[in-house]
There are 2 protein chains.
Amino acid sequence: MRAESTFLAAYDPTAFPPVAVTVDIVVLTIRDGALHVLLIERAEHPYRGRLALPGGFVQDETLAEAARRELAEETGLRPGEAALARVHLEQLRTYGDPGRDPRMRVMSVAYLGFAPSLPDPRAGGDAATVAWVPVDDVLELAFDHDIVLADGLERARAKLEYTPLGRAFLGPEFTIGELRAVYAAVWGEQLHPGNFHRKVLSVPGFVESTGGTTSRGGERGGPRARLYRAGDATLLHPALLRPTREEQVR
Amino acid sequence: MRAESTFLAAYDPTAFPPVAVTVDIVVLTIRDGALHVLLIERAEHPYRGRLALPGGFVQDETLAEAARRELAEETGLRPGEAALARVHLEQLRTYGDPGRDPRMRVMSVAYLGFAPSLPDPRAGGDAATVAWVPVDDVLELAFDHDIVLADGLERARAKLEYTPLGRAFLGPEFTIGELRAVYAAVWGEQLHPGNFHRKVLSVPGFVESTGGTTSRGGERGGPRARLYRAGDATLLHPALLRPTREEQVR
DNA sequence: TTGAGTAATACTCACTTCGAGAAGAAGTTA
DNA sequence: TAACTTCTTCTCGAAGTGAGTATTACTCAA
């Protein structure tokens, strides 16, 4: 496409077939020690009755605003809600191949979200079912959402390695054990408690002590744990690498 | 946006304001030891005379196909060209905030490309100027392309750490020194030759020996170097981390 | 009240990786 | 032939890692 025709065509939108732009959101959270994703059940064709990622059309707003608005609508949280503001949202990638939606060409800008524990979602104004679903139970989503979810999970697993975003799954104060449970849930593997403890405390700016402890031990015993809050690091150095990746690399 | 209204609106594209979808490409290459990016000079308003990233409207094709087509058009390479096929292209991110293009709402899906040495670009059928520009000389691009370029550079720098994509800047056979020059150009720092050598050879699947050597030493002396080709790794483990990131992390 | 079990935290130890530096060999140009 | 450059291989101490152990403080249930 040349510069001139770009210029002219831009003033004549009908020169190109219509394209719809949506955001779809892969919001992850931890419930009962397992990684869950927010899914809706589609009430209409195509893919009626199938589960899908929440999403919708982009209005006169930025893409990030569209994603946060959709998140608020689907979780039933008020836009001003504190819990909503603590959800980390970042752009994942864009899916726009012809034919991914049978109705028309739809460009879907996918966002990835990390949420702390949220109440059960109330369905929006319509009758659509909304629920947190364990990612291991997800099967055959609508459209190309299986791929979107897989991309989101891989991004999430990688992000936990070299950013402190695992904190986004927790409240403002947390224990090292809770943080370790986040890593275990996202990565799907158990981690060595002693080594994890040592690593988290050795990375500058990952967590900082509040001075307090939990008011009681764990559910099945054990001493009280010290409480930490988020530090000011935006990257982890050194990173916390996933174990046993040797085989998968090649 | 609710499921029903989504469904209905999708059958009535006029229910939403028109959106144009383009791809813009950040193609990087190494020339004379410096990192260069392919830029065009805009022939028309807006931003007439300003440099911009090459790009254009998405037609009835996948996004990746659109990016490769634009790349071929702007570099003047034939679509079947071998050099073109060796350019690594991956999606960077999507820029779609209102107002980023004064004419209408434009969603730009940016792609990032790593190219081996290519001939000087011949401008396409139109008069637009196309050229490789050292990234350090780039200043005030059109639209939000400064941000796109900055995002692309950061992605490129990070990708070199944990993927073998630095090879994409080189030909099918290369020396460790040439690979080191790629890293130095992209990261903008000199690297310890001995340590780099050790690391590259110690990462499984990064490079494999061809058994041959260069036919003569370097331009300013030194022995002949052994030749290597790409190995089969898709991720580097352990990674080659950038030096001196301690300060930037927080 | 006590005992069994659990988890937080802090060690040790062998191994790997890293940055910095040095050195030898093999090539270049002047 | 001399001066210089670069490839390649070492060495050494510092730092980081996985696996395991130990101590202590808590839980629940008998």
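Here is how names work: the chains are called A, B, and so on, in the same order as the sequence lines, proteins then strands, and each is numbered from 1. Because only heavy atoms are used, hydrogens play no part in the values below, and waters and symmetry mates are left out as well, while side chains stay in.
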Ring centroids only, cut at 6.0 angstrom: are F174(B) and Y228(B) within range, meaning strictly under it?
no

Identify whether NZ of Lys or CZ of Arg in R93(A) sits under 6.0 Å from the centre of the six-membered ring of Y95(A) and within 45° of that ring's axis.
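Judged by the rule, R93(A) and Y95(A) form a cation-pi pair.
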
Closest heavy-atom pair and its distance - [X], [Y]:
| X | Y | value |
| --- | --- | --- |
| E74(A) | V130(A) | O-CG1, 3.4 Å |
| P116(B) | V87(B) | CD-CG2, 4.2 Å |
| H145(A) | L53(A) | ND1-N, 3.0 Å |

For the side chain of [X], starting at C-beta, report the closest nucleotide among [options].
| X | options | answer |
| --- | --- | --- |
| R220(A) | dG16(D), dC26(D), dA7(C) | dA7(C) |
| P223(B) | dT24(D), dA19(D), dA25(C) | dA25(C) |
| P238(B) | dG16(D), dC18(C), dT9(C) | dC18(C) |
| I176(A) | dT9(D), dA19(D), dT9(C) | dT9(C) |

Rounding to a whole Å, what distance do you find between [X]:[atom1] and [N]:[atom2]?
| X | N | atom1 | atom2 | result |
| --- | --- | --- | --- | --- |
| E189(A) | dA19(D) | CD | P | 11 Å |
| L240(B) | dT17(C) | CG | P | 12 Å |
| N195(B) | dC7(D) | CG | P | 14 Å |
| L241(B) | dG16(D) | CG | C1' | 12 Å |
| K199(A) | dG16(D) | NZ | C1' | 7 Å |
| L236(B) | dT17(C) | CG | C1' | 15 Å |
| L201(A) | dA8(C) | CG | P | 13 Å |
| E161(B) | dC18(C) | CD | P | 12 Å |

Any base atoms under 4.0 Å from [X], or only sugar-phosphate, or nothing? Heavy atoms, all strands.
| X | value |
| --- | --- |
| H197(A) | sugar-phosphate |
| G221(A) | base |
| A239(A) | sugar-phosphate |
| G217(A) | sugar-phosphate |
| R198(B) | base |

Quick check on DNA chain D: between E178(B) and E219(A), whose nearest nucleotide comes earlier from the 5' end?
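Its nearest nucleotide lies further toward 5', so the answer is E178(B).
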
Specify the residue among G218(A) and S202(A) whose closest nucleotide of DNA chain D lies further upstream toward the 5′ end.
S202(A)

Hey, which of T29(A), V182(A), L153(A), D136(A) is the one that makes side-chain contact (heavy atoms from CB on, under 4.5 Å) with L35(A)?
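It is L153(A), the one option of T29(A), V182(A), L153(A), D136(A) that forms the side-chain contact (heavy atoms from CB on, under 4.5 Å) with L35(A).
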
In terms of the nearest nucleotide of DNA chain C, which residue is placed more toward the 5' end: G222(A) or G194(A)?
G222(A)

Does a nitrogen or oxygen in the side chain of R216(A) sit under 4.0 Å from OP1 or OP2 of dA7(C)?
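Checking R216(A) against dA7(C): no side-chain N or O falls below 4.0 Å of OP1 or OP2.
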
Verify the contact: side-chain N or O of R180(A) to OP1 or OP2 of dA8(C), cut-off strictly under 4.0 Å; return yes or no.
yes

